[in-house]
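Per chain, numbering begins at 1; letters A, B, ... match sequence-line order.
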Protein chains: 2
Amino acid sequence: MAFEKQIRDPEQTKLRILAAAKVEFAQKGLGGARVDVIATRAKVQKRMMYHYFGNKEALFARVIEAVYSDFRDAEAALEIEKQEPIAALQKLVAFTWQYYLENPELITLINSENLHKAKHIKNSQALQKLNRRFVERMRALLERGATAGIFRNSLDPVQVLITLSGGGFHYLTNHHTGEIVYGRKLMTRQAQAARLQFNTETVLRLVCTTEQLLKMEGT
Amino acid sequence: MAFEKQIRDPEQTKLRILAAAKVEFAQKGLGGARVDVIATRAKVQKRMMYHYFGNKEALFARVIEAVYSDFRDAEAALEIEKQEPIAALQKLVAFTWQYYLENPELITLINSENLHKAKHIKNSQALQKLNRRFVERMRALLERGATAGIFRNSLDPVQVLITLSGGGFHYLTNHHTGEIVYGRKLMTRQAQAARLQFNTETVLRLVCTTEQLLKMEGT
DNA sequence: TCTTGAAATAACCAAATAGTTATTTATGAT
DNA sequence: ATCATAAATAACTATTTGGTTATTTCAAGA
């Protein structure tokens, strides 16, 4: 039997499979995604996916891990600890929003992973470490702001982070049903800008002391 | 051929299929759900599902519609328009949170529907009507509060609603990955209570005038 | 009581799907 | 050069799955 000529590049092959899987899983969820579609899109024999990743779910796990880890790396690169508290917070809100916008797969993938009760990342040491640092950065920022008398005391960094990310995540993940529920386009450029501004305002009003808010209103 | 004895009850049969479908779709998503599982759980011949609903996706659409409509009905029954603005807002935040907690399928079903770009409810007149009233109630509440000098002027009711629901929805939909990300249990009774309080605070700080906030701090 | 249409049962099917077996071939180390 | 190993190709399969065909039975109205 004459086989097609081979071009070998294991690293590229793995990357192509991961990239195709990310798109397919993001688009259809774990249950709806098709291994054949992934292979076709990756321009790879399906067998190679089993060779490098084992099975469909293991591939899914690797996709989730990669996506989360890219997100945290980007956030860490912001170096918000080098800016004054309010600017740092604004920057973080804007970054988070922008990242969601530019990486729509992140959102549907996280939703899929939650549908499966996070079982694919439950034991990832790497992710746990990345995320511990992430919470720590917010804790430090809140403390810095409180010491400066700008932020309220003893705010829970986890609650703030959830509200901060949720203001963007929830808007974007539910924008399809949202447009029906709220009877309005939510993804026009103006609507996006308005949401970022509103969410920034929400977080600032939540975190800043009332005195600080008065000051900023400039009355 | 001797057939099993029949007990006929078309209404009950439809309801049993819907209830079983709600559980299965909520648990596995549209792509992961299995028609056979739904039939078995409903204790109904699979053929009946096709008889009453046409096909898998049409059944999914009916489930989504029912779930949304139940939610809005419950919210409307609150009659927040009969209470003073701050109490009304607190009641709405608490109700929304409680409803999500008691109806966890709602959350995963909405996520599923969004994964499919809301195509199953896009043309539902009934839902659009329900939701228009829902936004209108918030608009009226905000106006009432502003007139009383308690709430800030010209707040966008849609933005407020998204933030209000998102504070609960986002927390709950992502609580599985959240526990890993934040390294903390998020679904203990205490954690739940803390989240409701935090979200109530977030919304109040967002909506109330700064003067009103100062007053409530009682300084 | 008879008729008829809808409700329910039972068995079946073609296509899709995750995963496998078998084979070939490139390449780096010896 | 050759050999061992991993990379890649090709073809196949057992099962699952959404949906259908064929048949039976209940129950309400004439």
According to a strict under-4.0 Å criterion, is [X] in side-chain N/O contact with OP1 or OP2 of [N]?
X	N	value
A:T13	D:dA8	yes
A:R34	C:dA18	yes
A:Q6	C:dT24	no
B:R47	C:dA10	no
A:Y52	D:dA6	no

What's the [atom1]-[atom2] distance between [X] and [N], to the nearest Å?
X	N	atom1	atom2	answer
A:F53	D:dA8	CZ	P	12 Å
B:M49	C:dT9	CE	C1'	16 Å
B:H51	C:dA6	NE2	C1'	6 Å
B:I17	D:dG19	CD1	C1'	15 Å
A:Q45	D:dA11	CD	P	9 Å
A:E11	C:dT27	CD	P	15 Å
B:F25	D:dG18	CZ	P	9 Å
B:F60	D:dG19	CZ	P	14 Å

- Query: Starting at the 5' end of DNA chain D, which residue's closest nucleotide do you reach first, B:Y50 or B:K5?
  - Reply: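 So the residue in question is B:Y50.
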
- Task: Quick one: label A:A39 by what it contacts on the DNA or RNA (base, sugar-phosphate, nothing), any heavy atom closer than 4.0 Å.
- Result: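 Nothing, no heavy atom under 4.0 Å.
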
- Charged N to carboxylate O under 4.0 angstrom, A:E113 versus A:K122?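 A:K122 and A:E113: not salt-bridged.
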
- Is the shortest distance from a Lys or Arg side-chain nitrogen in A:E143 or A:R139 to a carboxylate oxygen in the other one below 4.0 Å?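 Salt bridge flag = yes for A:R139 with A:E143.
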
- Task: Before giving the answer on salt bridge (Lys or Arg N to Asp or Glu O under 4.0 Å), spell out for B:R184 and A:D156 the whole-Å C-alpha distance, their side-chain angles and the decisive distance to 0.1 Å.
- Result: CA-CA 12 Å; B:R184 171 198 295 192; A:D156 182 340; 2.9 Å; yes

- Query: Is there a side-chain contact between A:Y171 and B:T163 (heavy atoms, below 4.5 Å)?
  - Reply: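 No, side chains not in contact.
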
- Task: Confirm from the modelled atom types if B:K46 and D:dG18 form a donor-acceptor pair under 3.5 Å, side chain to base only.
- Result: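 Per atom types, the contact qualifies.
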
- Nearest to the side chain of A:E4, which nucleotide is it out of C:dA7, D:dT9, D:dT23?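 Per side-chain heavy atoms of A:E4, the pick is D:dT9.
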
- Message: Side chain of A:D36 only, heavy atoms from C-beta on: which candidate in D:dA8, C:dA10, C:dA18 is closest?
- Response: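 Of all the options, the side chain of A:D36 is nearest to C:dA18.
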
- Measure the acute angle between the ring planes of A:F60 and A:H116, then classify it against the limits of 30° and 60° as parallel, tilted or perpendicular.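 Perpendicular.
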
